[in-house]
S.K.: 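First the structure, which I've put down as structure tokens, then a few questions once you've had a look.
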Amino acid sequence: MEKFGQQLVENTTEDTTEKILPSYMEMYEISGQDSITLHSYERYLRDKEKAHEIASEILESAPFLRKKIFNSPESERASIIREQLSTDNPIAHKASSAMIWAAPENEREGLRVLLGSRVLESFKGTDTSSQREYAWMIWDAPLEQRTEIIRMGMSIKHELVQEPCTRMIEYAPKTDRAELISEGLASENYNVKLGVARMIWSAEESQQSKLKSQVAEMVSKGFEGNNTQEHKACASMIIFAPESEREGFRNKLAELIKNCFQGGNIDEQKEYARVINQAPSNLRKELRDEAVQKLGNALVEPSLYKNKRANDESFSREDFEKTGSELTVVGGDLRSKTIIRHIESESFIVWEKLFENHSLWKGEGFDYVPVEPIQAFKLSKDGLIDVYSGVLDLNLDEWKGMDGTFITELKQDKEKIVAVLAKVGLNHGHYHDGNFCLRFFRNENGVVDFNRKPRLYLIDFDQAMFPIEQQSNFN
């Protein structure tokens with residue numbers, strides 16, 4: 001099997017010799033996007049030649065710190081972790097927190113206390129990117145500190161920090177979870193409300209009925225207003241309301257969707273289309289068919305371009321707030337073609353190796369590489385990797401929200417992709433449906449074919465890592 005990055009094939013005729021792309025590059029073609037050219041392929045290879053910069057930078061990054069701790073005698077591990085947690089380096093804190101389990105049992109609690117103080121210290125600052133990373137460390141803090149830390153994180157007026165803190169509620173003391181959920185339901189941010197509603201199952205059973213009633217009151221009030229985003233969030237919370245009230249909410253939602261399809265703008269219609277699966281089951285196909293007819297290609301456009309972010313008319317860059325890697329949306333001629341992710345070196349190398357290993361995916365039965373496409377990359381001044389990535393369509397969570405077609409087959413594709421990563425010993429970090437994007441096939445005019453099963457791609461490798469016992473030169 002040809003290895004990615006080999007020399008270009010030479011096609012010799014009687015008069016000329018020309019370079020042609022290796023045959024495996026067909027696995028990287030994306031329907032509806034520009035075809036891969038010799039120029040773009042050679043540019044990628046030039047980026048690989050500069051990879052020694054990335055290799056030297058990663059020597060100070062998380063995987064090597066984790067490995068250093070793991071390979072040290074058990075009696076020395078606590079000292080190394082304590083030393084790393086005492087630095088001002090967030091990467092060292094992240095790596096060390098993940099290795100507390102490897103320290104002697106009698107040393108772990110003191111290390112957890114030190115980590116907890118680091119998280120609290122971050123939450124008192126203003127760097128939301130750093131705070132987001134520390135939020136994911138909450139489960140390694142002492143159990144008795146987690147409630148205070150989660151509450152502080154949820155009070156930060158930034159969704160990037162609030163969202164992971166809501167997920168940490170299930171790791172708080174069980175007696176505190178209902179109170180944290182109730183506080184989150186009172187938030188002004190409907191995405192925070194939705195996040196804590198998803199945690200109701202983790203509260204004490206005796207408290208769940210009261211929390212569900214609180215959700216019902218909130219959904220009822222939200223549907224009375226005129227805010228599209230509130231309606232969308234409330235639709236996703238119907239399932240967390242008491243069962244006796246769900247049918248009424250579903251009927252109200254169907255009415256809102258129909259009204260929007262009759263008079264709303266395209267952006268609003270897309271938002272309502274993505275909660276069709278919360279409408280009454282007997283109306284979903286009718287609503288989905290109407291959405292396809294009215295919106296066409298716009299129906300599957302990713303949320304990157306919501307609210308006309310980075311328009312077609314001029315080249316521009318705009319930071320996009322999300323809960324995964326930092327991301328820049330590009331406008332002008334590159335709109336709908338390229339985005340820029342900014343991620344740590346270890347995560348990039350995992351992504352790159354999976355992307356380039358076409359023989360692995362072909363051997364597992366894929367006729368394409370189901371990994372977010374990398375167009376180019378470079379080491380930035382802040383030590384992160386700037387990755388120019390190809391744009392796909394909406395994610396699996398959004399397509400399921402529309403009660404879309406081929407859901408069973410797409411779930412099977414997702415399971416197959418996850419199984420391949422497990423087989424080669426790599427950890428993506430978060431396999432939720434929002435990190436699996438679809439790409440629909442287009443005809444020669446670029447029109448989406450809704451009757452053909454789309455391809456599925458794993459995206460957003462910001463939490464990806466190598467196992468500590470595995471070298472970073474994965475093949």
Side-chain angles (χ1 to χ4, degrees), residues 3-8 21-22 25 28 30 33-64 89-91 94 127 129-130 132-133 304 309-310 314-322 324-358 369 371-392 426 428-429 437 457-466 472-475:
K3 186 175 181 180
F4 192 99
Q6 67 171 42
Q7 292 296 316
L8 293 169
L21 290 170
M25 292 307 296
Y28 294 93
I30 307 245
Q33 296 284 29
D34 295 338
S35 296
I36 297 171
T37 64
L38 285 172
H39 172 75
S40 60
Y41 179 76
E42 290 178 322
R43 179 188 60 199
Y44 185 93
L45 296 184
R46 287 195 297 272
D47 289 344
K48 282 184 64 63
E49 289 176 1
K50 299 176 183 177
H52 66 275
E53 298 178 23
I54 297 173
S56 62
E57 191 273 341
I58 198 175
L59 288 174
E60 300 301 323
S61 68
F64 287 86
N89 186 347
I91 293 177
K94 181 178 179 180
D127 183 351
S129 294
S130 175
R132 179 187 66 204
E133 293 299 325
L304 298 167
R309 181 183 282 111
S314 60
F315 178 82
S316 60
R317 299 186 181 194
E318 183 172 344
D319 292 338
F320 179 69
E321 294 182 358
K322 59 184 300 296
S325 56
E326 295 182 31
L327 186 153
T328 300
V329 179
V330 183
D333 291 340
L334 294 179
R335 187 184 189 277
S336 298
K337 295 180 181 180
T338 299
I339 55 175
I340 308 171
R341 292 195 184 274
H342 314 282
I343 69 173
E344 293 180 7
S345 52
E346 177 187 13
S347 299
F348 169 70
I349 291 176
V350 175
W351 177 9
E352 179 195 29
K353 298 304 182 184
L354 284 169
F355 174 71
E356 293 185 357
N357 203 339
H358 56 88
V369 174
V371 174
E372 182 173 3
I374 301 173
Q375 298 171 344
F377 58 92
K378 63 181 181 180
L379 181 65
S380 66
K381 293 180 180 179
D382 59 5
L384 296 176
I385 312 299
D386 292 339
V387 186
Y388 295 76
S389 168
V391 175
L392 301 167
L426 293 177
H428 173 271
C437 278
Y457 292 80
L458 177 61
I459 71 162
D460 199 356
F461 284 78
D462 75 298
Q463 296 293 323
M465 63 178 66
F466 292 100
S472 64
N473 61 346
F474 161 72
N475 293 307

S.K.: Testing Y28, W351, Y457 one by one against V371 for a side-chain contact (heavy atoms from CB on, under 4.5 Å), which residue passes?
M.R.: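 Considering Y28, W351, Y457, a side-chain contact (heavy atoms from CB on, under 4.5 Å) with V371 is found only for W351.
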S.K.: Is there a side-chain contact (heavy atoms from CB on, under 4.5 Å) between K94 and E344? Walk through the geometry before answering.
M.R.: CA-CA 12 Å; K94 181 178 179 180; E344 293 180 7; 4.1 Å; yes
S.K.: Quick check against the 3.5 Å criterion: does D47 have a side-chain atom that pairs as donor or acceptor with the backbone of F377?
M.R.: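 Looks like yes, one N/O pair under 3.5 Å.
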S.K.: Given side-chain contact (heavy atoms from CB on, under 4.5 Å), test L354 with F461 step by step and report yes or no.
M.R.: CA-CA 11 Å; L354 284 169; F461 284 78; 3.8 Å; yes
S.K.: Please name the pair of heavy atoms, one in D462 and one in S347, separated by the smallest distance, quoted to 0.1 Å.
M.R.: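 Taking D462 first and S347 second, the nearest heavy atoms are O-OG, 3.0 Å.
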S.K.: Could you measure the distance from the CG atom of L392 to the CD atom of Q33? Nearest 0.5 Å is fine.
M.R.: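 Here the rounded value is 8.0 Å.
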S.K.: Keeping the roles fixed (side chain from Q375, backbone from S40), state whether a donor-acceptor pair exists under 3.5 Å.
M.R.: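 The answer is no, because no donor-acceptor pair under 3.5 Å joins these two groups.
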S.K.: Quick check: closest heavy atoms across I36 and L21, and the distance to 0.1 Å?
M.R.: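 Minimum heavy-atom separation between I36 and L21: O-CD1, 3.4 Å.
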S.K.: Show, in sequence, the C-alpha distance, side-chain angles and deciding distance for D127 and E133, and conclude whether the side-chain contact (heavy atoms from CB on, under 4.5 Å) test is met.
M.R.: CA-CA 10 Å; D127 183 351; E133 293 299 325; over 6 Å; no
S.K.: Describe, in one word, how the ring planes of F355 and Y44 are oriented to each other, choosing from parallel (under 30°), tilted (30 to 60°) and perpendicular (over 60°).
M.R.: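 Judged by the thresholds at 30° and 60°, the geometry between F355 and Y44 is tilted.
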S.K.: Check whether any side-chain heavy atom of L379 lies under 4.5 Å from a side-chain heavy atom of I385, and answer yes or no.
M.R.: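 Sidechains of I385 and L379: in contact.
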S.K.: If you measure from CD1 on I459 to CD1 on I339, what distance do you get to the nearest 0.5 Å?
M.R.: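 If we round to the nearest 0.5 Å, I459:CD1 and I339:CD1 are 7.0 Å apart.
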S.K.: What are the two closest non-hydrogen atoms of S389 and E372, and how far apart are they?
M.R.: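 Smallest heavy-atom distance, with atoms named: OG-OE2, 2.7 Å.
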S.K.: Sub-3.5 Å donor-acceptor pair from the side chain of H428 to the main-chain atoms of D460, do we have one?
M.R.: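 Such a contact is found between H428 side chain and D460 backbone.
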